[in-house]
There are 2 protein chains.
Amino acid sequence: MSKRAYGQFCGLAHALELVGERWALLIVRDLLVGPKRFTDLRRGLPRIPTNVLATRLKELEHAAVVRRRVLPRPAGSVVYELTEHGAGLEPAVFALGRWGIQTLGEPGPGDLLTVDSLIIALRAMFDPEPARGLRVSYQLRMGEVVVHALIDDGALEVGRGELATADLGIETSAAMPRLLTGELDPATAVAEGVVRLTGPTDLLARFLELFHIPPTPKDTGATADLSR
Amino acid sequence: MSKRAYGQFCGLAHALELVGERWALLIVRDLLVGPKRFTDLRRGLPRIPTNVLATRLKELEHAAVVRRRVLPRPAGSVVYELTEHGAGLEPAVFALGRWGIQTLGEPGPGDLLTVDSLIIALRAMFDPEPARGLRVSYQLRMGEVVVHALIDDGALEVGRGELATADLGIETSAAMPRLLTGELDPATAVAEGVVRLTGPTDLLARFLELFHIPPTPKDTGATADLSR
DNA sequence: CTGGATCCCTCACGATACTG
DNA sequence: CAGTATCGTGAGGGATCCAG
């Protein structure tokens, strides 16, 4: 048994031994979007030391979560991708992401938003029920980051970059989490200018039906900030 | 921003900053069963150093996941319990647990099974759909650990200890994960004696309809053991 | 330029002892 | 019972260096 094992015959404990190390689930998050090279992962996780990234990738490969694959010639480069088993982490990553976004608050000065994290966030918050029989597309811009979402009869496809033909363009900043929890009313958000729209305004309400999270629970008296 | 922050404006990253430290989610797991005293938590997590447990509880309290409460006289003792926000981690804990149990394998020599982890495992794998209109009760014994489950029209209640009136008593060992993934056939499990029943045999198949996890994916060539 | 490996420093974790 | 104090170890953080 490993030195740092939890020593419990328990699915959660075993999962944490495989993907509970620091940075591991963020690597899985980025790989859920698609295969990536070492440098791509570095770009999406700028604060990870390269030795830690290399170590995590080896551990995840050993745990059959990640597969290291050498692309055929002439590319010849190395990509990391999730195994089928690793892709099975998607529900857990989505659930943790939905929980975390409830108390995300405003971005700190050094916090950055990546395209992949936004793609995963949209997929995590998509509710297929109200999307049945619906066909609509959105372009979402948050700072430099632009993604688009195609909804087609209960199915969602999220891609990076612009989509000129989108039914509605949404441009916003850090207000998005408060919008998604229902903490911020869409009408007042537009009125105050924290959300700017390009297209029919009523499609924003539709957007919030399709993408949502449980509302932030009432404060229980404990301090929830991150200062230590 | 904290020194060890991930520096990402992302729900998953924020969640990992709150409950991603070592032992944190195992503490949450035990508190999902009910409020506990410091010593109760120690008993359920025998390998956690007491200072780490104390540190985690303070961090979780600060993150509004856990609430420290002094019981009214004459008890006067201290209990830790999940806040509403902390209880919102249940779907994430269940999803991670379901993923981890797929590759749990056999228990190591030092691995132990606790009552609370078994209770959470059953709740995590319960499927309410086949339970509609159904009323049945089970007693489950794995080594020293005994719990019981009451299913009543889509609702599940799991409690610790024996239930003499249970419709079926199931006594097994480490074979349970393989049974739940479908990797091990219930008939052969009974025939080989790794599962012993007390009651109508066909209720075991019913049990596996009510409690199940996605089957373990086919091996992809990577080694999945834990030796380092 | 990609894909890492190596070094050093710090701090979190782990084990144990001890206290109100 | 409910933690705190102390100390050793090893993992993470950051910078740099190197091979293909």
Side-chain angles (χ1 to χ4, degrees), chain A residues 1-8 13 16-27 30-31 35-62 66-81 110 226 228, chain B residues 1-8 13 16-27 30-31 35-63 66-71 73-81 110 226 228:
Chain A
M1 175 168 26
S2 168
K3 204 69 164 302
R4 311 226 323 159
Y6 291 108
Q8 304 226 158
L16 292 175
E17 283 170 359
L18 297 180
V19 297
E21 300 293 299
R22 208 166 149 70
W23 294 106
L25 278 182
L26 291 178
I27 295 170
D30 281 9
L31 291 181
K36 287 198 164 41
R37 292 177 302 174
F38 191 90
T39 310
D40 297 331
L41 288 167
R42 275 188 71 176
R43 239 191 302 277
L45 274 12
R47 316 247 301 210
I48 191 173
T50 62
N51 58 347
V52 174
L53 177 55
T55 303
R56 287 293 164 276
L57 287 171
K58 276 181 212 141
E59 291 166 355
L60 291 173
E61 190 183 354
H62 190 254
V66 161
R67 178 170 34 231
R68 186 182 196 270
R69 190 155 59 90
V70 179
L71 292 181
R73 304 296 306 269
S77 58
V78 176
V79 294
Y80 297 89
E81 62 188 4
L226 281 180
R228 301 193 47 189
Chain B
M1 176 169 24
S2 169
K3 203 70 163 301
R4 313 226 326 159
Y6 291 108
Q8 304 226 158
L16 292 175
E17 284 169 359
L18 296 181
V19 296
E21 300 294 298
R22 205 164 153 70
W23 296 104
L25 279 183
L26 291 179
I27 295 171
D30 282 9
L31 291 181
K36 286 195 166 41
R37 292 178 302 173
F38 191 90
T39 309
D40 298 331
L41 289 167
R42 275 188 70 176
R43 240 192 301 277
L45 274 13
R47 315 246 304 209
I48 192 175
T50 61
N51 58 346
V52 174
L53 177 55
T55 304
R56 286 295 164 274
L57 285 171
K58 276 180 211 141
E59 291 166 355
L60 291 173
E61 190 184 352
H62 190 253
V66 161
R67 178 172 33 233
R68 185 183 195 270
R69 191 155 60 90
V70 178
L71 292 181
R73 304 296 307 266
S77 58
V78 176
V79 294
Y80 296 91
E81 60 189 3
L226 281 181
R228 300 194 46 189

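Just so it is clear: chains get the letters A, B, ... in the order the sequence lines come, proteins before strands, and each one is counted from 1. Just so it is clear, the model here is predicted, and its values are computed rather than measured.
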Handout entry: Gap between atoms CG and P, on B/Leu53 and D/dC1 respectively (whole Å)
Key = 14 Å
Fill in the blank from the handout: In terms of heavy-atom contacts, A/Ile27 and A/Leu53 come closest through CD1-CD1, 3.7 Å
Handout entry: side chain to side chain contact (heavy atoms under 4.5 Å, CB included) assessment of A/Tyr80 paired with A/Lys36
Key = CA-CA 5 Å; A/Tyr80 297 89; A/Lys36 287 198 164 41; 5.8 Å; no
Practice task
Using whole Å, report how far CG of A/Leu16 lies from P of C/dC13.
Solution key: 14 Å
Completion exercise
The reported gap from CD in A/Glu59 to CH2 in A/Trp23 (rounded to nearest 0.5 angstrom) is 14.5 Å
Problem - A/Arg22 NZ/CZ over B/Tyr6 ring centroid, <6.0 Å and within 45° of normal - result: yes
Exercise for the section: Can you pull out how bent the helix from C/dC1-D/dG20 to C/dG20-D/dC1 is, comparing the axes over its first five and last five pairs, to 10°? Expected result: 30°
Practice task
To the nearest Å, give me how far apart CD1 (B/Ile27) and P (C/dC13) are.
Solution key: 11 Å
Exercise for the section: Kindly write out the residues that satisfy salt bridge (Lys or Arg N to Asp or Glu O under 4.0 Å) with B/Arg37, not counting sequence neighbours, or none if the list is empty. Expected result: B/Asp40
Problem - Results of side chain to side chain donor-acceptor pair (under 3.5 Å) for B/Arg69 - residues two or more places apart only - result: B/Glu81
Completion exercise
The side-chain contact (heavy atoms from CB on, under 4.5 Å) partners of A/Thr39 (sequence neighbours excluded) come to A/Arg43
Exercise for the section: Let me know the distance between CD of B/Glu17 and C1' of C/dA12, rounded to the nearest Å. Expected result: 16 Å
Fill in the blank from the handout: Per-nucleotide protein contact along nucleotides 1-7 of chain C, 5' to 3', at a 4.0 Å heavy-atom cut-off (B base, S sugar-phosphate only, - neither), is -SSBBBB
Handout entry: Gap between atoms CZ and C1', on A/Arg4 and D/dA11 respectively (whole Å)
Key = 6 Å
Problem - Separation of atom CG in A/Leu26 from atom P in D/dG13, rounded to whole Å - result: 11 Å
Exercise for the section: Could you tell me the separation between the CD1 atom of A/Ile48 and the P atom of D/dG13, rounded to a whole number of Å? Expected result: 8 Å
Handout entry: Interatomic distance, A/Glu21 CD vs D/dG10 P [rounded to whole Å]
Key = 15 Å
Exercise for the section: May I ask you to decide whether A/Glu61 forms a salt bridge with A/Lys58, counting only side-chain N to carboxylate O separations under 4.0 Å? Expected result: no
Problem - Distance (rounded to the nearest 0.5 Å) between B/Leu25 CG and B/Arg56 CZ - result: 11.0 Å
